[in-house]
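Predicted, not measured: the structure shown is a model, and the values here were computed from it. In listed order, ligands and their atoms are each counted from 1.
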Amino acid sequence: MLRNCGKFQTPIRLLSTVQKIDYKLNPNDIPGDATIFSMVQPTGTFHLGNYLGATRVWEDLCALKQPQQKLLFGVADLHALTIPKPNVEEFRRFRNEAIASILASGIDPSQASVMYQSSIPQHSQLHWLLSTLASMGYLNRMTQWKSKSNIKQSTQDDAAVGNVKLGLFSYPVLQAADVLIYRATHVPVGDDQSQHLELTRHLAEQFNKLYKTDYFPLPKTLLAPTRKILSLSSPERKMSKSDPDKASLIYVNDDPHAIKKKIKRAVTDSITDRFNYDPINRPGVSNLLNIVSGIQRKPMEEVERDVAMMNNFNDLKNYVTDVIVEELRGPRELFARFMKEPDYLDTVVTRGTEEAQQLADQNYREIANIVGL
Ligand code: AMP
């Protein structure tokens, strides 16, 4: 969109950098020549937050893929190592399960390239080039390295900061390289990744400015309507694979009994005569309603209308349980099936890696040429 500015009529390009996806993805939402890229870390079984925030959107994008669009979905195994993984066997299993989980979420490997980040060395090569443009001050303002090292956001504690590993501090730069190596235009992620995508756009701009080029597009954040799914036991935090309290998350392969038990124990509040979406005052109830709205692809007002007749938590929680159990039935069954088909998983990853590698290789040659390497 072009805007005239003041008496000089200077055109300013207004870039909408965050695009919130509607409950039902519309084919016209994404340009026909878009390159769409996203990843998930192999740090444990996928949960409802990964599913609603990321992989189900990926599934929708596969279903609506247009011939010229490129879809690339990866397992961010290098990122996972920013929290050391001395249990190598477990890490291997998580990497493998992550591929099975992506496919179990409905991602169609004939439409999307599915691969491991570590198999494409150009991610790391571009990471180095971008790290020469990323300032310590900008990285210092990022929140995730602090929360992952249990450091307060406004810390002045030099000793605590001094212990933080370089990889954890700088991994948003690798994340920028992950996206930019494919010259991705759209990145479907949950709300927790918004800050990292701002850095990605910033680094793309820095690169373009320095080398007087428009090589890198500024990728848009494609934000799922549910934005952030919260922990069931502490709804002030996001649902997270690394949460030691396993009752706080619903895994995509949880059986109905486990889902029922966890929802029954979910923290709510004491207002039982109505259930409304009020994330500030009623975070627990709002989280449950947000989950239902995400699964049913319904705006919140409709979900509120559906639960308006309920006047006790038993009814609400039974309803939420049924909605989740029904939604996760397919992914759970598929996950179990794919875990018994290692050859199939290998075939998918081999093909996905070849496709991604070809694009990354071609782009990196062009980038190296721009930089003078
Ligand atoms: P991660 O497991 O951190 O690699 O995240 C993989 C994807 O899931 C990213 O797009 C995240 O934004 C998304 N995600 C992770 N946790 C949540 C959550 N609690 N709510 C919504 N999206 C999430």
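In this structure, ligand 1 sits under 4.0 Å from heavy atoms belonging to Met39, Val40, Gln41, His47, Gly49, Asn50, Gly53, Ala54, Val189, Gly190, Asp192, Gln193, Arg227, Lys228, Ile229, Lys238, Met239, Lys241.
A side-chain N or O of Asn281 and one of Asp278 form a donor-acceptor pair less than 3.5 Å apart. A donor-acceptor contact under 3.5 angstrom links the side chains of Tyr215 and Glu366, judged on distance only.
By the side-chain hydrogen bond (donor to acceptor under 3.5 Å, both in side chains) test, Asn311 is found to be paired with no residue, residues two or more places apart in sequence or in another chain being considered.
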The test is side-chain contact (heavy atoms from CB on, under 4.5 Å); show your working for Thr55 and Ser101 and say whether it passes. CA-CA 9 Å; Thr55 55; Ser101 294; over 6 Å; no
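Counting only residues at least two apart or in different chains, ring pair (Phe, Tyr, Trp, His ring centres under 6.0 Å) contacts with residues 326-358 comprise Phe338-Tyr344.
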When the side chains of residues 165-179 are checked against the rest of the protein, which donor-acceptor pairs come out under 3.5 Å, sequence neighbours left out?
from   : atom 1 : to     : atom 2 : distance (Å)
Lys165 : NZ     : Asn163 : O      : 3.3
Ser170 : OG     : Leu166 : O      : 3.2
Tyr171 : OH     : Gln144 : OE1    : 2.4
Gln175 : OE1    : His196 : ND1    : 2.8
Gln175 : NE2    : Gln193 : OE1    : 2.7
Asp178 : OD1    : Gln117 : NE2    : 3.1
Asp178 : OD1    : His123 : ND1    : 2.7
Asp178 : OD2    : His79  : NE2    : 2.7
Asp178 : OD2    : Gln117 : NE2    : 3.2

